[in-house]
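The structure appears below as structure tokens.
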Amino acid sequence: MRAFGIADALIAGALICGTAAAVPLLSSGQPALVVVYGQNAVIAKYPAGSDAVFTVSGKRGPLDIEIKNGSVRIVHADCPRSICKQSGSISAPPAQLICAPNNILIEIRSASGGNGVDGVAY
């Protein structure tokens, strides 16, 4: 049996540092806030952890939005094709749902409040 050497200490240190660096990255991906935009302005904000159904007024009529178990979906829309309803639900930042005829955009923001950028290239 060999002794704990310098190489073993470096590997252990790298693993500990990597784990410590990953914790903020993992928590930043958790949904924290559902933001609804209409006509390029914020019209509603809801915590992503709460279960709720709410209605917002769009350009063509009301839009019913459901938050359940950390995911968001459009339940009802007065659109000709209802493509926004067919998009299903979103649950991870920076995902978005868009109802173009109603000029409504629904965005999930992370707990860190970041803009959802997952990398930077120079």
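Excluded from the calculations below are hydrogen atoms, water molecules and symmetry mates; all remaining heavy atoms, backbone and side chain alike, are included. For reference, positions follow the sequence shown, starting with 1.
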K45/L33 under side-chain contact (heavy atoms from CB on, under 4.5 Å): CA gap, chis, key distance, verdict = CA-CA 7 Å; K45 290 183 180 182; L33 191 63; 4.3 Å; yes

Is the closest side-chain heavy-atom distance between [X] and [Y] below 4.5 Å?
X	Y	result
P101	R60	yes
F54	V36	yes
L105	L97	no
K85	V75	no
R73	K68	no
V35	V42	yes

Tell me the closest heavy-atom pair linking S91 and I108, and the distance in Å.
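Minimum heavy-atom contact is CA-CD1, 3.7 Å.
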
How long is the gap from [atom1] on [X] to [atom2] on [Y], to the nearest 0.5 Å?
X	Y	atom1	atom2	answer
C79	Q86	SG	CD	10.5 Å
D78	S57	CG	OG	10.5 Å
I104	Y37	CD1	OH	12.5 Å
I6	I11	CD1	CD1	12.5 Å
C84	N102	SG	CG	7.0 Å
I65	I74	CD1	CD1	6.0 Å

*Give the C-alpha distance, both sets of side-chain angles, the deciding distance and a yes or no for side-chain contact (heavy atoms from CB on, under 4.5 Å) between Y46 and V72.*
CA-CA 11 Å; Y46 293 91; V72 182; over 6 Å; no

Any donor and acceptor pair, going by atom type alone, linking the side chain of S87 with main-chain N or O of I83 inside 3.5 Å?
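Checked: pair present.
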
Practice item. Please answer whether the main-chain N or O of N69 pairs with a side-chain N or O of D51 as donor and acceptor at a distance below 3.5 Å. Key: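 Present.
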
- Query: V53, I90: one ILVMFWY side-chain cluster at the under-4.5 Å cut-off?
  - Reply: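 Not linked; separate clusters.
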
